[in-house]
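The block underneath contains the structure these notes are about, expressed in structure tokens.
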Amino acid sequence: MISFNKPYFTGEEIVNFDLCIQSGHVSGNGPMTQRCQQHFSEHWGFTNCLLTSSGTDALEMAALLIGASAGDEVIVPSYTFVSSALAFARERADIVFIDSRSDHPGMDESAIEEQITSRTKAIVVVHYAGVACDMDKIMALANEHKVWVVEDAAQAIGATYKGKPLGSIGHVGCFSFHETKNIHCGEGGLLVVNDSRLVDRAKILWEKGTNRAEFFEGKASKYGWVDTGSSFLMSDITASLLLAQLSAFDRIQAQRIRLWNMYNNAFIEAGLDEHISLPLIPPYASNNAHNFYIIFPSKSIRDEAISKLKLNGYQAVFHYLALHRSEYYLANFEHRPDLPESVNYEEKLLRLPFHYQVELMDVNRIVTTIQSLFL
Ligand SMILES: *Cc1c(COP(=O)(O)O)cnc(C)c1O
């Protein structure tokens, strides 16, 4: 069985892991963390960034940083991972879900403005499959209405909007290094703080509500409990694994882009783009080859594809049950929005096996299997 995901390791992880243990600094905010943060700053211009234990942690920090709380509204696409909404719901903010675009699973930028009220605190932008949302539009709206923009860039490492790295455009950006992402360390994340007003407090929230980071930078003579927060930081052991992946980023990306193009070309050559929709990359977005998904004309054909692929030894998966129909949302929130596109993607989207062990032969078999559904 070719699985849907298989975490890639460069081989350097074990070397860095050893170095980390030898150094004696295995807790967070040590040399390995600093080397990773340095890398993010040099390669993507993320000058203020903090490694976290997960993408969810980064989103939770973002919710605390912008002060989301009871009485606030936060606009979130319905077609996303739970954490995009959970982090803000946990602070008792009211979640206002919006729909996806009809041509892409990403959020419908034109649906945002009508949901902005005097209570709106933030817009959570999710770059689905690492494909940029139209950030100029969103930032203009946010500036006009004075609301925060949190980029959930969990899938978007290395991707850009009009040449600008995703995660660097909103007031804060959140990345994930979960094993299903382009680069990973098992579980991990990154908070990028782009708004200078939030930088000092971010470091405090990160280190259990203490000014410990400042103390180690020599900016405070002692450290103590000064604010809320949690132990959001990544251990240096985990950072040592991430550093290996960061060093191999260009090679990993080249491999992923190659596979993405193989799928795309094979579907087009088979004439399947007449029956299914292939991923759309708008002209302002780059492709970081986070995943390869296709959209079927109906749920029944999508489900048939899953079972046929399984019979042929390929695990393809759907994901994202529209959050506005989730058990938790229905039990805890009052809005009952009608979001047909979100439901559409829940029912018709399929993600294909995407990792370094998927070869041209597999791609061809997968495409032939899907083709047989339309004969
Ligand atoms: C993976 C993901 C997350 C959560 O990241 P974790 O590191 O698993 O906590 C959040 N949002 C989106 C869109 C994701 O894909």
Side-chain angles (χ1 to χ4, degrees), residues 4-5 7 28 36 40 49-64 68 74-90 95 97-98 100-101 104-107 122-133 135 138 149-159 161 166-167 169-170 172-192 206 230-235 238-239 241-242 245-246 256 279 285 288-293 317-324 326 328-329 342 345-346 349 351 354-355:
F4 161 69
N5 181 57
C36 288
F40 287 115
C49 62
L50 300 167
L51 286 185
T52 58
S53 342
S54 66
T56 304
D57 262 12
L59 286 158
E60 286 176 354
M61 279 188 74
L64 285 174
V74 177
I75 296 175
V76 188
S78 168
Y79 191 74
T80 181
F81 188 65
V82 174
S83 304
S84 317
L86 166 77
F88 301 87
R90 221 166 158 259
I95 306 298
F97 282 122
I98 64 161
S100 292
R101 290 162 56 132
H104 186 269
M107 70 201 290
I123 304 166
V124 180
V125 175
V126 182
H127 303 297
Y128 180 80
V131 177
C133 295
M135 291 307 291
I138 295 170
V149 172
V150 175
E151 287 183 78
D152 180 343
Q155 308 178 358
I157 191 73
Y161 171 78
L166 298 185
I169 304 167
V172 296
C174 304
F175 288 92
S176 165
F177 306 114
H178 181 261
E179 68 159 47
T180 51
K181 310 300 199 247
N182 293 35
I183 53 167
H184 75 99
C185 50
E187 300 274 2
L190 177 76
L191 179 77
V192 183
W206 191 53
S230 189
S231 187
F232 285 118
L233 69 181
M234 176 187 279
S235 92
T238 308
L241 310 182
L242 183 63
Q245 302 251 319
L246 283 171
R256 296 184 77 96
N288 78 339
H290 171 64
N291 65 11
F292 196 89
Y293 67 86
V317 298
F318 64 87
H319 69 162
Y320 297 161
L321 302 175
L323 294 179
H324 71 288
S326 62
Y328 187 81
Y329 191 75
S342 178
Y345 293 113
E346 166 183 327
L349 185 142
R351 296 187 300 161
F354 204 88
H355 51 84

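Everything numeric in this text was worked out from a predicted model, so none of it was measured. Computation of the quantities below employed the complete heavy-atom set of this structure, encompassing side-chain atoms and omitting hydrogens, waters and symmetry-equivalent molecules. In each ligand, atom 1 is the first atom listed, and ligand 1 is the first ligand listed.
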- Query: Would Asn5 and Thr180 satisfy side-chain hydrogen bond (donor to acceptor under 3.5 Å, both in side chains), going step by step from the backbone distance to the final call?
  - Reply: CA-CA 6 Å; Asn5 181 57; Thr180 51; 5.4 Å; no
- Item | Evaluation steps, side chain to side chain contact (heavy atoms under 4.5 Å, CB included), between Val150 and Phe88 | CA-CA 11 Å; Val150 175; Phe88 301 87; 4.1 Å; yes
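Between Gly55 and ligand 1, at least one N/O pair is under 3.5 Å apart. In terms of polar-atom proximity, defined here as any N/O pair under 3.5 Å, Thr80 makes no such contact with ligand 1.
At the shortest separation from atom 15 (O) of ligand 1 among protein heavy atoms lies Gln155 NE2, 2.9 Å. Nearest protein heavy-atom neighbour of atom 10 (C) of ligand 1: Asp152 OD2, 3.6 Å. Nearest to atom 2 (C) of ligand 1 among the protein's heavy atoms is Lys181 NZ, 3.0 Å.
Residue contact check: Gly188 has heavy atoms under 4.0 Å from atoms 7 (O) of ligand 1. Under a 4.0 Å criterion applied to the non-hydrogen atoms of Tyr320, ligand 1 contributes the atoms 13 (C), 15 (O). Close contacts between ligand 1 and Ser54 involve ligand atoms 7 (O), 9 (O) [criterion: under 4.0 Å to a heavy atom]. For ligand 1, the atoms closer than 4.0 angstrom to any heavy atom of Thr56 are 4 (C), 5 (O), 6 (P), 9 (O).
Test Ile123, Asp152, Thr80, Val76 against Met107 for side chain to side chain contact (heavy atoms under 4.5 Å, CB included) and you get one pass: Ile123.
Judged as a side-chain hydrogen bond (donor to acceptor under 3.5 Å, both in side chains), and not counting sequence neighbours, Thr52 has no contacts. Scanning for side chain to side chain contact (heavy atoms under 4.5 Å, CB included) contacts around Tyr293 gives His104, Pro105, Tyr128, Ala129, Pro279, Asn291, Ile295, Leu349, Arg351, with sequence neighbours left out.
For Tyr79, the heavy-atom gap to ligand 1 stays at 4.0 angstrom or more.
When side chains are defined from C-beta on, Ile183 counts as touching Leu246, because their heavy atoms get closer than 4.5 Å.
The closest donor-acceptor contact from the side chain of Glu151 to the backbone of Gly167 lies under 3.5 Å.
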